[in-house]
There are 2 protein chains.
Amino acid sequence: MTTMPKKPKLTRETIVEAAIELIESEGLDSLSTRALGNRLGVQAMSLYHHVESKDVLLDLITARLATMIEFGDHTGNWRCELEAVSRSYIDIARRYPRSFPLLAARRFNTPETLPVLERILSIFRRAGLPPAGTAASFRILGYYLNGAGLTEGATIEAERRTDFHLQDSGFLEGFPVSGETVAHLALPNLSGIFEKGLEVILDSIEDEIRLTRVNRPHSV
Amino acid sequence: MTTMPKKPKLTRETIVEAAIELIESEGLDSLSTRALGNRLGVQAMSLYHHVESKDVLLDLITARLATMIEFGDHTGNWRCELEAVSRSYIDIARRYPRSFPLLAARRFNTPETLPVLERILSIFRRAGLPPAGTAASFRILGYYLNGAGLTEGATIEAERRTDFHLQDSGFLEGFPVSGETVAHLALPNLSGIFEKGLEVILDSIEDEIRLTRVNRPHSV
DNA sequence: CCGAATTGCCTTACACCGTAAGGATAATCC
DNA sequence: GGATTATCCTTACGGTGTAAGGCAATTCGG
């Protein structure tokens, strides 16, 4: 049945891993089948025996990033668990700023990512939220995390660049409020801002749960 | 000096307008210089006399979308103003779901977009927040709005598709929590969720402003 | 009023992209 | 040891962004 002729140089995993490395070092636009093959010591078309298309490759990258989400200890404290998931998620954006847009843009609806979705949604459900409340709170938190990840990633990218920095471009002339604000939008400030916004959203989820308990004390 | 030989068929504005139409009808990936030229009855290279490169074109599209933000009446009520800006922003995502990712990914640091940034930041400042607080609140709200816009746009896109719908794909088998939640994540529910999250964030800004007033009652 | 200059659009060309089709090689099984 | 089959390669096609240069129409200087 499972004959295995010729020892393989390539696997799905090594391809995905190399693709992420390539994106991080050269940028998302520079991920081409030829460049990726080159990095793996292989011709472009060889990749197609392991991955059906570039679009599927992007899905696999998304899945690889999604499964990096760490859930921490299963404490039974939903707030700690959501905090852990959220920090783990933003950490992915910080470590893979150029790949993160894939994670933010694509849904968690592949077989590889659904288990992750399931675990996250379960935290909300165990916290006492009904399906509708779970959907709402999940979306709101997700909006925030994706936006934060994208912006932090873009900021990392922008501050790495040497060719253009808004601060000394002169563009800010005539925009005094922007001028006095940009310094506070720099990378070192963003983690504090992230934590602050995260607490705001978790507080609101806490309110929602309390409200649910009052109105439907015994249902789940 | 400014001789004007030959009446032009093309202007920057018509090019940008056509590009947005093309993206919305065919998708972001289908925006090519040749396709765009074709839509304008012109060869691809003719565009380059008006726009330096495709990247600049994307910047112009971003600026065009950004300037669609409506600020409503200048009431002096910061909360109403931020609500108006936020709703106007998500409206852009809903009307231009396939172009919106450009707006979410690119910064407001071109000459065309800076006036918009300035007006938005001014709302926070006039509300009584110092520069650092302005930066934080602006970012948090921005994270939320960008995430919401992206997800709503992606949802619109996904529900338009006929080839794949998660609900009847069978993928959800074995993921009961996801299964009972997806229905609540459908497009009709998203506007309610958006409003809810928006109020949460505006409430937190209100708290922040109040706190600022207490600690530094007379400074701006 | 006519040549010169300039602008707006076009033609051609190049390197790169994703990928369809089919070929060569080497490890395994019967 | 011959057939099978998984892996990788070669070639080729139509698409991409865009650099270089050409040509025609309009306006200006004389």
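Heavy atoms only: backbone and side chains are in, while hydrogens, waters and symmetry mates are out. Small disclaimer: the values here were computed from a predicted structure and weren't measured. Chain letters run A, B, ... following the sequence lines, proteins first and then strands; every chain starts at 1.
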Point to revise | B:Glu70/B:Arg87 under side-chain contact (heavy atoms from CB on, under 4.5 Å): CA gap, chis, key distance, verdict | key: CA-CA 9 Å; B:Glu70 292 177 8; B:Arg87 297 218 179 88; over 6 Å; no
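Applying the side-chain hydrogen bond (donor to acceptor under 3.5 Å, both in side chains) criterion to B:Ser99, with sequence neighbours excluded, gives B:Glu24.
B:Asp29 places its CG atom 16 Å from the P atom of C:dC17, with the value rounded to the nearest Å. With rounding to whole Å, A:Glu52 atom CD is found 16 Å from C:dG18 atom P. Put simply, CG on A:Asn38 is 15 Å from P on D:dC8, counting in whole angstrom units. Spacing between atom NE2 of B:His50 and atom P of D:dG17 amounts to 17 Å, rounded to whole angstrom units. If you measure from atom CG of B:Asp55 to atom P of D:dG17, you get 12 Å, rounded to the nearest angstrom. Distance B:Leu47 CG to C:dT7 C1': 16 Å, rounded to the nearest Å. B:Lys9 places its NZ atom 16 Å from the P atom of D:dA24, with the value rounded to the nearest Å. Taking atom CG of A:Leu40 as the reference point, atom C1' of D:dT7 lies 14 Å away to the nearest angstrom.
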Dump every N/O contact between nucleotides 10-16 of chain D and the protein below 3.5 Å, one line per pair.
unit_1: D:dT16; atom_1: OP1; unit_2: B:Ser32; atom_2: OG; d: 2.8

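The distance from atom CG of A:Leu190 to atom CD of A:Glu152, rounded to the nearest 0.5 Å, is 5.0 Å.
In this structure, the ring of B:Phe164 has its center less than 6.0 angstrom from the ring center of B:Phe171. You'll find the ring centres of B:Tyr143 and B:Phe138 outside the 6.0 Å limit.
The side-chain tip of A:Arg94 points at the ring of A:Phe194 from less than 6.0 angstrom away and within 45° of straight on.
Between B:His49 and C:dC10 there is no side-chain N or O to OP1 or OP2 distance below 4.0 Å.
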